[in-house]
Trainee: 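Quick one: structure below, then a few questions.
Numbers restart at 1 for each chain; the letters A, B, ... are given by sequence-line order, proteins then strands.
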Number of protein chains: 2
Amino acid sequence: MNSNPRLNAILIKIKKMGYSLTPQRLEIIKIISESKSHPSATDVYNKVKELYPMVSLNTIYKNLSMLASLHEVKEIKTMQDSVRYDGDISLHGHAICEKCGKIIDVEIDEFDFKGFFETKIKNKLDENYRIRNYGVEFYGLCGGCGKEDSPSKT
Amino acid sequence: MNSNPRLNAILIKIKKMGYSLTPQRLEIIKIISESKSHPSATDVYNKVKELYPMVSLNTIYKNLSMLASLHEVKEIKTMQDSVRYDGDISLHGHAICEKCGKIIDVEIDEFDFKGFFETKIKNKLDENYRIRNYGVEFYGLCGGCGKEDSPSKT
DNA sequence: TTATTATATAATAATAAATATTATATAAAA
DNA sequence: TTTTATATAATATTTATTATTATATAATAA
Ligand SMILES: [Mn+2]
Ligand SMILES: [Mn+2]
Ligand SMILES: [Zn+2]
Ligand SMILES: [Zn+2]
């Protein structure tokens with residue numbers, strides 16, 4: 001085994017679901033389970049290429065989609081560009097910089113959120129509405145990007 | 001004037017910002033300020049075409065983007081397909097059906113959310129991080145779509 | 001082991017939403 | 001009206017993502 005619990009969890013799920021573990025797949029899982037930067041498919045592609053220069057982007061998409069369908073990665077749709085992937089599936093939200101695209105994790109109190117969900121949302125929806133996933137995003141400008149963009153104050 | 005307060009608010013903003021009010025633009029604003037269905041650009045396009053059959057999709061995109069930049073409509077990025085637009089800019093979240101794409105408004109308690117934001121988020125971020133917008137989404141299956149999709153239980 | 005079958009990958013082509021370009025039309029200003 | 005700026009329409013382009021097909025690899029059976 002190894003010391004990354006997310007990696008282990010995903011490998012166990014992969015095996016349980018009967019998917020085979022190819023070198024490319026393992027590398028993709030390693031990258032996504034270790035990264036904190038919420039990479040795009042292309043980002044993952046470029047990393048995998050370092051080890052497997054012949055890998056195709058299609059393989060990246062296929063594997064990331066598969067992992068998303070297994071709920072082992074989360075897809076983050078940003079406003080400006082492509083889908084970003086998150087190997088951290090614990091309860092949290094994201095602060096997304098609209099200029100540089102940086103995505104920062106935002107802690108969400110589980111009790112607050114669950115309470116919010118149970119009381120405020122669940123009873124508003126059709127009783128057989130099934131929630132499977134959530135997203136909490138804050139869009140804005142990160143520290144580095146939000147310096148000099150105030151509308152000319154002369 | 002007229003009886004739709006959102007429409008009025010947008011028209012005032014348009015005038016204040018010095019944009020001219022063309023018939024197509026007015027029609028787009030009417031549609032988005034009256035709709036409760038979170039239409040896509042194509043949906044709006046098809047509605048506008050009923051009055052102005054020669055309208056171009058580019059005009060729809062240009063106007064919706066402009067309204068979004070004025071914060072008079074909200075863009076909703078869904079997981080499966082295109083961007084959806086919301087003329088209701090009041091504080092609320094969305095329940096998004098992953099099968100049929102229907103988007104239902106979800107009430108958010110302002111006090112809860114503001115408190116959540118102020119205490120839990122603002123102090124986690126760089127002090128000059130500027131939040132400009134937010135999104136709260138719940139993905140799942142609506143009542144109509146979530147009937148018979150449980151993995152064959154025979 | 002080899003043969004067979006299923007699955008994954010690579011290379012390529014296709015899709016479609018969104019954007020850019022350009023020309024024309026309309027609105028605002030002089 | 002004449003001039004200038006802005007908006008629209010028609011078209012072309014971009015680009016992320018998906019689909020297709022052929023090849024390669026992995027799993028399974030013989
Ligand atoms: Mn994250
Ligand atoms: Mn809404
Ligand atoms: Zn930034
Ligand atoms: Zn549905």
Trainee: At a heavy-atom distance below 4.0 Å, which nucleotide of DNA chain D is the first touched by chain A, and which is the last?
Mentor: D:dA16 to D:dA27

Trainee: Residues two or more places apart in sequence or in another chain: which of them pass salt bridge (charged side-chain N to carboxylate O under 4.0 Å, His left out) with A:Glu27?
Mentor: none

Trainee: Can you list every salt bridge (Lys or Arg N to Asp or Glu O under 4.0 Å) pair that touches residues 37-57 of chain B, not counting sequence neighbours?
Mentor: none

Trainee: Looking at residues 33-50 of chain A, who's got a heavy atom less than 4.0 Å off DNA chain C?
Mentor: none

Trainee: Which pairs count as ring-ring contact (aromatic ring centres under 6.0 Å, His included) when at least one residue sits in residues 58-85 of chain B, sequence neighbours excluded?
Mentor: none

Trainee: Taking DNA chain C as the partner, which of residues 57-67 of chain B come within under 4.0 angstrom of it by heavy atom?
Mentor: B:Asn58, B:Tyr61

Trainee: Tell me, please, which residues at least two apart from A:Lys15 pass salt bridge (charged side-chain N to carboxylate O under 4.0 Å, His left out).
Mentor: none

Trainee: According to side-chain hydrogen bond (donor to acceptor under 3.5 Å, both in side chains), who are the partners of A:Thr22, at least two apart in sequence or on a separate chain?
Mentor: none

Trainee: Do side-chain atoms of B:Arg25 reach the backbone of B:Ile14 as a donor and acceptor pair under 3.5 angstrom?
Mentor: no

Trainee: If an axis is fit to five pairs at each end of the helix from C:dT1-D:dA30 to C:dA30-D:dT1, what is the angle between the two, to the nearest 10°?
Mentor: 20°

Trainee: Kindly state which residues belonging to residues 15-29 of chain A come within less than 4.0 angstrom of DNA chain C, counting heavy atoms of the residue only, listed by number.
Mentor: A:Tyr19, A:Ser20, A:Thr22, A:Gln24, A:Arg25

Trainee: Provide the full list of salt bridge (Lys or Arg N to Asp or Glu O under 4.0 Å) pairs with a residue in residues 57-80 of chain B, sequence neighbours left out, each pair given once.
Mentor: B:Arg6-B:Glu72, B:Lys13-B:Glu72

Trainee: Determine all donor-acceptor pairs shorter than 3.5 Å in which one atom belongs to a side chain in residues 133-145 of chain B; sequence neighbours excluded.
Mentor:
from	atom 1	to	atom 2	distance (Å)
B:Tyr134	OH	B:His92	N	3.0
B:Tyr134	OH	B:His92	O	3.4

